[in-house]
Amino acid sequence: MKKIFIGALGVLSIFGTAAGWIATAKKKNDLINYKDFRINKFKMYFDVTNEWVRLKNQGKNLDEFFVKNGWSDIAIYGMGELGNRLLEELKGSSVTVKYAIDEHTDNVFSDMEVKEPNGELTPVDVIVVTPFFEYEKIEEKLMNLVEYPVVSIEDIIFSM
């Protein structure tokens with residue numbers, strides 16, 4: 001009986017060690033995946049902002065895209081860095097930013113009206129999504145609320 005008990009403890013010890021290794025490996029894998037996601041996200045931000053600067057160096061402004069499409073009144077979804085840069089670029093142009101949309105209205109510092117994406121959205125010609133890495137999810141949400149176009153700032157920049 002003593003041998004069976006000691007043998008069972010040995011087997012349990014091996015399974016416990018293996019479970020610990022698996023749990024540790026999963027945590028490390030999750031951390032690697034999270035870091036890869038963050039690296040990819042910032043690489044995408046770099047590519048977009050680099051192209052935006054290239055356009056600026058060529059004397060092009062993003063308002064040209066909106067004018068070409070017949071859009072003069074827009075809303076900006078996402079008032080992080082890209083949203084604020086877009087707002088700054090469009091000031092004084094023929095394109096009017098009517099309001100901003102952001103999920104975290106309490107964390108947005110802007111002189112302009114900021115609405116939540118599940119609230120009443122005043123009609124505009126187009127909504128520009130600046131957190132483009134989540135564009136599909138945001139577009140789907142907005143298309144259930146509005147009947148006008150939703151475009152990504154990434155698509156705007158790379159189409160010019």
Side-chain angles (χ1 to χ4, degrees), residues 19 22-160:
I22 291 169
T24 301
K26 183 179 177 343
K27 271 188 156 180
K28 285 184 179 181
N29 191 44
D30 290 347
L31 182 61
I32 289 168
N33 288 339
Y34 175 73
K35 286 183 178 181
D36 285 347
F37 167 78
R38 300 276 297 172
I39 289 167
N40 187 46
K41 177 180 169 181
F42 287 111
K43 167 81 169 78
M44 290 169 63
Y45 269 127
F46 171 81
D47 291 343
V48 167
T49 54
N50 186 55
E51 181 65 12
W52 196 346
V53 169
R54 191 184 70 73
L55 290 170
K56 295 297 287 179
N57 288 340
Q58 292 177 351
K60 295 181 180 179
N61 292 309
L62 297 188
D63 65 327
E64 296 171 22
F65 174 85
F66 299 106
V67 169
K68 182 176 89 177
N69 285 286
W71 298 329
S72 58
D73 295 331
I74 73 166
I76 299 174
Y77 185 106
M79 288 308 289
E81 297 302 328
L82 292 180
N84 280 296
R85 298 302 77 77
L86 178 59
L87 179 62
E88 291 167 1
E89 177 158 332
L90 295 176
K91 278 187 181 171
S93 75
S94 61
V95 177
T96 303
V97 179
K98 293 292 188 177
Y99 59 91
I101 308 165
D102 201 290
E103 289 185 9
H104 308 287
T105 56
D106 52 338
N107 292 334
V108 175
F109 301 101
S110 178
D111 292 337
M112 106 170 342
E113 178 184 13
V114 181
K115 299 181 178 195
E116 292 185 3
N118 55 1
E120 193 73 26
L121 299 178
T122 308
V124 291
D125 296 327
V126 66
I127 296 175
V128 180
V129 176
T130 61
F132 58 88
F133 55 92
E134 293 182 349
Y135 174 72
E136 288 82 15
K137 182 177 86 173
I138 295 168
E139 178 191 35
E140 184 179 325
K141 181 185 220 177
L142 290 173
M143 294 311 288
N144 291 324
L145 297 172
V146 301
E147 296 180 4
Y148 37 89
V150 176
V151 298
S152 161
I153 193 165
E154 177 185 34
D155 292 339
I156 292 170
I157 289 171
F158 283 106
S159 72
M160 292 191 61

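- Among all heavy-atom pairs drawn from Ala100 and Met112, the shortest one is N-SD, 3.7 Å.
- Residue pairs satisfying the ring pair (Phe, Tyr, Trp, His ring centres under 6.0 Å) criterion with at least one member in residues 72-106, sequence neighbours excluded, are absent.
- Under the side-chain hydrogen bond (donor to acceptor under 3.5 Å, both in side chains) criterion, Lys98 pairs with no residue at all, not counting sequence neighbours.
- Gln58 meets the side-chain contact (heavy atoms from CB on, under 4.5 Å) test with Arg54, Leu55, Lys60; sequence neighbours excluded.
- Residues meeting the salt bridge (Lys or Arg N to Asp or Glu O under 4.0 Å) test with Glu136, sequence neighbours left out: none.
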Run the side-chain donor-acceptor check on residues 141-160: report pairs under 3.5 Å with partners two or more places apart or on a different chain.
residue : atom : partner : partner atom : Å
Lys141  : NZ   : Glu103  : OE2          : 3.3
Asn144  : ND2  : Glu140  : O            : 3.2
Tyr148  : OH   : Thr122  : O            : 3.3
Ser152  : OG   : Glu154  : N            : 3.0
Ser159  : OG   : Asp155  : O            : 3.1
Ser159  : OG   : Ile156  : O            : 2.9

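- Annotation: Glu81, atom CD; neighbour count of heavy atoms from other residues, nucleotides and ligands within 6.0 Å does not exceed 12.
- The side-chain hydrogen bond (donor to acceptor under 3.5 Å, both in side chains) search around Asn118 returns none, not counting sequence neighbours.
- Proximity of a side-chain donor or acceptor of Asp73 to a complementary backbone N or O of Asp125 within less than 3.5 Å is not detected.
- To the nearest 0.5 angstrom, Lys35 atom NZ is 16.0 Å from Asn40 atom CG.
- Counting heavy atoms from C-beta on, the side chains of Val124 and Ile74 never come closer than 4.5 Å.
- Under the 4.5 Å side-chain criterion, counting only non-hydrogen atoms from C-beta, Leu82 is in contact with Thr49.
- Evaluation of the salt bridge (Lys or Arg N to Asp or Glu O under 4.0 Å) rule for Lys43 yields Asp47 as partners, not counting sequence neighbours.
- Listed by chain and number, the residues in a side-chain hydrogen bond (donor to acceptor under 3.5 Å, both in side chains) with Tyr135 are Glu139 (sequence neighbours excluded).
- Residues passing the side-chain contact (heavy atoms from CB on, under 4.5 Å) test with Asn69 are Phe65, Trp71, sequence neighbours excluded.
- Heavy-atom neighbours of Lys41 NZ from other residues, nucleotides or ligands within 6.0 Å: above the threshold of 12.
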Show me the donor-acceptor pairs, under 3.5 Å and distance only, between side chains in residues 86-93 and residues at least two apart or in other chains.
residue : atom : partner : partner atom : Å
Glu88   : OE1  : Arg85   : NE           : 2.9
Glu88   : OE2  : Arg85   : NH2          : 2.9
Glu89   : OE1  : Trp52   : NE1          : 2.7
Glu89   : OE2  : Leu62   : N            : 2.6
Ser93   : OG   : Leu90   : O            : 2.7
Ser93   : OG   : Val95   : N            : 3.1
Ser93   : OG   : Val95   : O            : 3.4

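- The CG atom of Asn84 lies 8.5 Å from the OG1 atom of Thr130; values are rounded to the nearest 0.5 Å.
- What you find for Pro131 and Gly78 is that their closest heavy atoms are CD-CA, 4.0 Å.
- Taking CE from Met79 and CD1 from Ile101, the interatomic distance works out to 10.5 Å, rounded to the nearest 0.5 Å.
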